[in-house]
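I have placed the structure first, in the form of structure tokens, so that the comments after it can refer back to it.
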Amino acid sequence: MDKGMGPVALPRQHKKRVQLAFILLATFAYCLSMLSYFLWSKTRTETLPINAQAIVAQCSALQLTPGPPDNFHSRTESDRFEKGTKATLIRNASIWTGLDEGNEIVYGDILLDKGIIQQVGAVNLNSYHDVVVLDAAGAWVSPGIVDLHSHLGVDSSPALRGAADTNSLKGLAMPWLRSLDGLNTHDEAYQLSISGGVTTANVLPGSADAIGGQAFVIKLRPTAERSSSAMLLEPPYSLNGVHVDPFQRPRWRQMKHACGENPSRVYSGTRMDTQWAFRQAYNTARIVKEKQDAYCAKALAGQWTGLGDFPEDLQWEALVDVLRGRVKVQNHCYEGVDIDGMVRLTNEFKFPIAAFHHAHEAYMVPDLIKKAYGHPPAVAVFATSARYKREAYRGSEFAPRILADNGLDVVMKSDHPVLNSRHLIYEAQQAHYFGLPANLALASVTSTPARIMGQDHRIGRVIEGFDADIILWDSHPLALGAAPKQVFIDGIAQIATPYTSVKPKFSQKVPATPDFEREIADAIKYEGLPPLEPKKAESDVVVFNNVGGVFLKDQSTRSVNEVFTSASAEGVVVVEKGRLVCSGDCATDLSRSDAVHIDLEGGSITPGLVSYGSPLGLSHISGEASTNDGPVFDPLSGNVPEIVDGSIIKAADGLLFATRDALLGYRNGVTSAVTAPSSYGFLAGLSTVFSTVAPHKLVDGAVIQEVAALHVALSLSSRISVSTQIATLRSLLLGAGQGEIGQRFGDVVAGKIPLVVNVASADIIASLLVLKKEVEAAKGETIKLTLAGATEAHLLAKEIGAAGVGVIVQQRPFPATWEEKRILPGPPLTQSSAIAALVAHNVTVGIQVAEVSSVRNTRFDAAWAGLESNGALGKAAVLALASTNLETLLGVEEGNSDLVATKGGSDFEGKVVAIISPRSGMVNLV
Ligand SMILES: *[C@@H]1O[C@H](CO)[C@@H](O)[C@H](O)[C@H]1NC(C)=O
Ligand SMILES: *[C@@H]1O[C@H](CO)[C@@H](O)[C@H](O)[C@H]1NC(C)=O
């Protein structure tokens, strides 16, 4: 048994023979090695390659880590300095420097010269003669805004087929592609984003591929050379094939990765396919890297025999650099499952990730993120844009705060043009409102992204020696509606003639944000899906104390009126069975012992707001067809099935209740909405008015008004000509419609319901005004016409006002398409905003939102419209934009009579705490 397997004792003699054999063998080996050494040293002198020195240098350089040259901080002039730029002195500023973890504020002056911040604080002008002086009068100064995730220039505005350079569909993993190759120098958004304070952006390829390609950091200003390359900030030395000093540290590179839904959708694959594409690509790069390392180990040891050429592969060199830790990997990655896959990948191939982007579930898995190879990635998120696909469904507005509580770096980003990066500061403001400390909120769009992209040796802070990229603000940058008064990039003032809107005093300080501790705990506890339904107040009598103001709808004049304001503690409002029974001095009513008391801390009671413009109530997750009502047939496309031909679609028939966006709207004071059927074509159908809190259609008050208005859309982007669209509308208004369609257009002509036309171009608006006159002359009746979207309406403000036509616009216009190119951007680029310009011509104006997730922010949009109106719109007028005006324009007869109680002061200091509902006879607490 076990023959030859167990420990067998060797006979003595045998042992001796073994020893001898060993000695002989060792001697032989020694001789052999001496011989080979002799031969080797001989060959070495014979084959030492002519470029040996270059090879040694190249191999040594592989050890260098990226970063600025050692003498960078002694520079006196920026490499981006434009000759002829004068020095600028900004006097008397409140400077958020970004130092001391974002807590340092310096009161003093700033000197910009040679593209660099030369002095901060007490400035010495001894050696300067020709200096432009700007008096900040105490205003806030911050570093220029740094956008870690943008598609500026590659997804250009206006969107044209020739301007779609974001995604390549030629493979799943293409580290060799470079966003620079598509960087359009004429994107209309550069100037707009600069006017919002954005000075630097990381331009990423899109997320259609697992590895979409290399990203490039740009400064947004126009350059003397007018080239794409001239916009780059510290591109890799090798980019233009220029000579690389091998002893110089390399510069940071950037690369886009994407996991989850986008790559799977584009390639009809799965998460498994995407992850394999990553592993396959990284394995290819690993093999190249290991060959290089083996080669260099030999070269550096002087073993030149048969060494050959340095192993290189142009397609994979960038990914090899990732493995060498020289690339900032910017990883679009949303869900826990995807983050898990990427964390495994980093540990399998040993490379760090700079940041997880979008990352709507990151706040639930902080410990997982900390397991990533090298260091925990930062997390770059939107503030409140969420639920647009499964990956985003559990997104939370409290994510920035929770991530920061877990010690992770938080970045707010735009994904421009997904969010217009002009308003990236608004993302930081919202993050602050929902609990991110002010120092981190400001850092989240300045110093933190600068560090995450490896540029924090020169941008993201206001300190001596840094690039002269700064913003002079009209209010505290975390206050709602904060807008730059001037923006400097490389020391050059970017706005030729800046306009400002006078801001209220309170907006000069950091907003005192509300307490959201309970909501923050619930976001984690319920994994992003906390219950949103309100609770009924426990008594019929609710007493609101410390009420700062009461604003009510006046149904006869269709306006909002201020009925009561109080700066003292005497502001009391008593509500009984959902009805306001007393406001002002109500001391006598306070005796009821069972009353619920709510301290509003100076907050106000205002009308319930109305939402319009998004598919609210028809959609749970916009990217998931099975969660939506779906689009209607476009009659102009010619393929409407006979069974629906001639019938008109009613949004009321498709209503979905208790969507998270409707409930979030309710909790933020939007108590009803008007929604039209979803349509990509000419005729949408009839809108409906519904309650945002009703659990289903059959409860009392769920559908407030079954039919509101008739909706059509006219657009240059349609496949059918605008003249055909107008001709169709003319025929329908003159009575050519059959069945229900004919009947409803009859109602429009008789002035019974408004015609709401979704339209952007001023040219189409002009044709509509002509058509309105024509039909009215033919029929002898006045049509109620409302223009929605109406991005270019301000160009015809006078004519629209004279025609008695109403307009519904988005609060922040953007030239997304050609037909909305001519926006009125408002301060600091123009004195007037579009809303203010229309109001100045007596046009009834309402505000709309495009996305269901924006509904919750309606009260911020309305307040913002007031803040940039230079005093033209007071609080009552602002509330009317999102309530009575919308109801007038959309044919809402009575609307909702709810009142909203907000605790705390204005804008970002207030939190909705109760909804008073006369219809249901109760008060809901949220
Ligand atoms: C700075 O501006 C503030 C606000 O206008 C003013 O009160 C203060 O006197 C100014 N300080 C200096 C040094 O000019
Ligand atoms: C707007 O209406 C007011 C009050 O009716 C009137 O005085 C003013 O002239 C109108 N403005 C324009 C531009 O029509």
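Order of listing sets the numbers, starting from 1, for every ligand and every atom in it.
Among all protein heavy atoms, the one lying closest to atom 14 (O) of ligand 1 is Asn92 ND2, 3.3 Å. Nearest to atom 4 (C) of ligand 1 among the protein's heavy atoms is Ala137 O, 3.3 Å. Here the protein heavy atom with the shortest distance to atom 10 (C) of ligand 2 is Asn842 ND2, 2.4 Å.
Of the heavy atoms in Ala802, none comes closer than 4.0 Å to ligand 2.
The protein reaches atom 2 (O) of ligand 1 closely, with a heavy atom under 4.0 angstrom from it. There is no protein heavy atom less than 4.0 angstrom from atom 7 (O) of ligand 1.
Between Ser501 and the options Pro827, Ser832, Ser475, Pro828, a side chain to side chain contact (heavy atoms under 4.5 Å, CB included) holds for only Pro827.
Between Glu464 and Gln118, every side-chain heavy-atom pair lies at or beyond the 4.5 Å cut-off. Taking the side chain as every heavy atom from C-beta outward, Thr791 and Val809 never approach each other to under 4.5 Å. Annotation: side chain of Arg91 is not in contact with side chain of Leu134 (no heavy-atom distance under 4.5 Å).
Heavy-atom contacts of Ala840 reach the following atoms of ligand 2: 13 (C) (cutoff under 4.0 Å).
Relative orientation of the Phe466 and His73 rings is parallel, given thresholds of 30° and 60° on the angle between their planes.
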Checklist entry - Would Ser507 and His476 count as a side-chain contact (heavy atoms from CB on, under 4.5 Å) if you check the C-alpha gap in whole Å, the side-chain angles of each, and the deciding distance to 0.1 Å? => result CA-CA 6 Å; Ser507 68; His476 189 280; over 6 Å; no

